[in-house]
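Heads up: the structure comes next, in structure tokens.
What you see below is based on every heavy atom in this structure, not just the backbone, and it leaves out hydrogens, waters and symmetry mates. Every value quoted in this text rests on a predicted model; they were computed, and no experiment measured them. Numbered from 1 within each chain, the chains take letters A, B, ... in sequence-line order.
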There are 2 protein chains.
Amino acid sequence: MILDVAGEASAQDLRANLVRVAARLFYAEGLRTVGVDRVASEAGVAKATLYRYFANKDDLILACLEQRQADVMASMRATVERAPATALDRVGVLFLELGHLAMQPGFRGCPFLLAMTEYPQDDRIAELTRQHKRATRALFATAIGAEKDPTGNLAGVVAILYEGASVLASVEGSTRPLTLALRNVENLLRAAAID
Amino acid sequence: MILDVAGEASAQDLRANLVRVAARLFYAEGLRTVGVDRVASEAGVAKATLYRYFANKDDLILACLEQRQADVMASMRATVERAPATALDRVGVLFLELGHLAMQPGFRGCPFLLAMTEYPQDDRIAELTRQHKRATRALFATAIGAEKDPTGNLAGVVAILYEGASVLASVEGSTRPLTLALRNVENLLRAAAID
DNA sequence: CTGTGCTAAGACCGATCTGTCTTGTTCGGG
DNA sequence: CCCGAACAAGACAGATCGGTCTTAGCACAG
């Protein structure tokens, strides 16, 4: 395995592709609905190969969530850094980005919450979810600026609005909760004399 | 069946008890985790009896959600009517009531969202969930007062805060998001010069 | 050329779940 | 007193799913 022929998947590509395919199916149809046969088939891989890279289905699910966590946080951080003008802009683009996701068909809200709901007894999923929510709130805190919000309460409220708008947008199949939440965030930041 | 012996369950009691037991198990452990054998066993009835009152598991789940909808709305309406002083009080007690629920062990957030997550393809569950969220927002609207909030945007934001705080409280296992959301609702109502 | 390791394809096993059916029992009404 | 309906208990069938194993093909190293 010194050289990989172009177009052929290396072991890492194979694993990464499995995670990508599984994450898409799991999110779209649910963790319990989608079986490992389906994941292997749609990834163009034998089931035994899947089990060479993942000890069991739980590990595959965990790998999907960890990948999602890395992707989402990288995307959010990039979004914030792309609009560095004011705190209001930095927070606003995050809501707009979520609005973009919510407009796509098949939007079902936060994948971590979905996983936690389908596996209520799984401690690792619960811990990953807590970690994801902490990281999101921390991102809001840095977007607002620690000096403008020393207690972090403002970031906390923004995180609550973000979460609630995401849930209601997925239920209603509309972005209206997101625009309503964003308008409220703007009022909040202005009222706090931030930008 | 003119007279029911005291202590014996009539047909309606039997059905109602099945719904009660099923709803408790489904909420605590998940719809797919809990099987019909388990429900029948814990309700003290035979599986065939369960299938005499419900055509299949889906119907049992639907019955649980409909019962939950009736109970939750009755409870919330009673809560609002018990604190009729000001709009701030009426909305506040709803958050406090949710805080009371969130403090109990096993709190997992809104049962409708859990059901929708576990059965993403079920249209009846999705419709019941939308209906529940509409009713909740309408309750906030009446608690605030239509004349104070003609567009309903204020009630919409309160509903978003309510939803987000519920989700984050269940993830963090803490009532802090709820108190934070409540404080923000108070500020919102005051800023709108409502009570 | 030969052997080794990874792969696809799919058979296979055991566990679990939904839904039905059987059997025996109890109880209330005519 | 007796019949029929409802019940508990549990066997049963059919399907699904997670996970293992077998077989055969293929690429690459020596």
Are T49(B) and dA8(D) close enough that a side-chain N or O sits under 4.0 Å from OP1 or OP2?
yes

Does E81(A) have any side-chain hydrogen bond (donor to acceptor under 3.5 Å, both in side chains) partners at least two apart in sequence or in another chain, and if so, which?
none

Could you check whether R130(A) pairs with E127(A) (Lys NZ or Arg NE/NH1/NH2 to Asp/Glu carboxylate O, under 4.0 Å)?
yes

Heavy-atom donor-acceptor pair, K148(B) side chain to L189(B) backbone, under 3.5 Å
no

Atom-pair distance (CZ on F54(B); C1' on dT20(C)), nearest Å
18 Å

Rounded to whole Å, CG of L50(B) lies from P of dG10(D) at a distance of 17 Å

Using a 3.5 Å cut-off and no angle test, enumerate the donor-acceptor pairs between side-chain atoms of residues 162-170 of chain A and protein atoms at least two apart in sequence or in another chain.
{"residue": "E163(A)", "atom": "OE1", "partner": "K133(A)", "partner atom": "NZ", "Å": "3.1"}
{"residue": "E163(A)", "atom": "OE2", "partner": "K133(A)", "partner atom": "NZ", "Å": "3.1"}
{"residue": "S170(A)", "atom": "OG", "partner": "V167(A)", "partner atom": "O", "Å": "2.8"}

Any non-hydrogen side-chain atom of L94(A) less than 4.5 Å from a side-chain atom of V158(A)?
no

Under 4.0 angstrom between Y53(A) side-chain N/O and dC6(C) OP1 or OP2:
no

Among residues 111-124 of chain B, which ones have heavy-atom contacts with DNA chain D below 4.0 Å?
none

With distance as the sole test, does R32(A) use its side chain to make a donor-acceptor pair with the main-chain N or O of E118(A) at under 3.5 Å?
yes

Length of the CZ-C1' vector between R52(B) and dT20(C), whole Å
13 Å

Under the side-chain hydrogen bond (donor to acceptor under 3.5 Å, both in side chains) test, which residues partner T175(A), sequence neighbours left out?
none

Contact list for DNA chain C against residues 18-33 of chain A - heavy-atom distance below 4.0 Å
none

With respect to the side chain of V45(B), which nucleotide from dT7(C), dA8(D), dA8(C) is positioned closest?
dA8(D)

R68(A) to Y27(A) six-membered ring, cation-pi geometry met (6.0 Å, 45°)
yes

Checking R108(A) side chain against T117(B) main chain: does a donor-acceptor pair fall under 3.5 Å?
yes

Under the side-chain contact (heavy atoms from CB on, under 4.5 Å) criterion, do V19(B) and Y53(B) qualify, and how do the steps go?
CA-CA 10 Å; V19(B) 169; Y53(B) 291 96; over 6 Å; no

Nearest-Å distance for atom pair CG/C1', residues L14(B) and dA6(D)
10 Å

Quick test of your reading of the model: are D59(B) and R124(B) salt-bridged, counting only N-O distances below 4.0 Å?
yes

Rounded to whole Å, CZ of R38(B) lies from C1' of dT16(C) at a distance of 14 Å

Tabulated below should be each protein N or O lying under 3.5 Å from an N or O of nucleotides 19-21 of chain D; please produce it.
{"residue": "dG19(D)", "atom": "OP2", "partner": "Y51(A)", "partner atom": "OH", "Å": "2.9"}
{"residue": "dG19(D)", "atom": "OP2", "partner": "K57(A)", "partner atom": "N", "Å": "2.8"}
{"residue": "dG19(D)", "atom": "N7", "partner": "K47(A)", "partner atom": "NZ", "Å": "2.8"}
{"residue": "dG19(D)", "atom": "O6", "partner": "K47(A)", "partner atom": "NZ", "Å": "2.5"}

Expressed in angstrom and rounded to an integer, what is the separation of R15(B) atom CZ from dC7(D) atom P?
13 Å

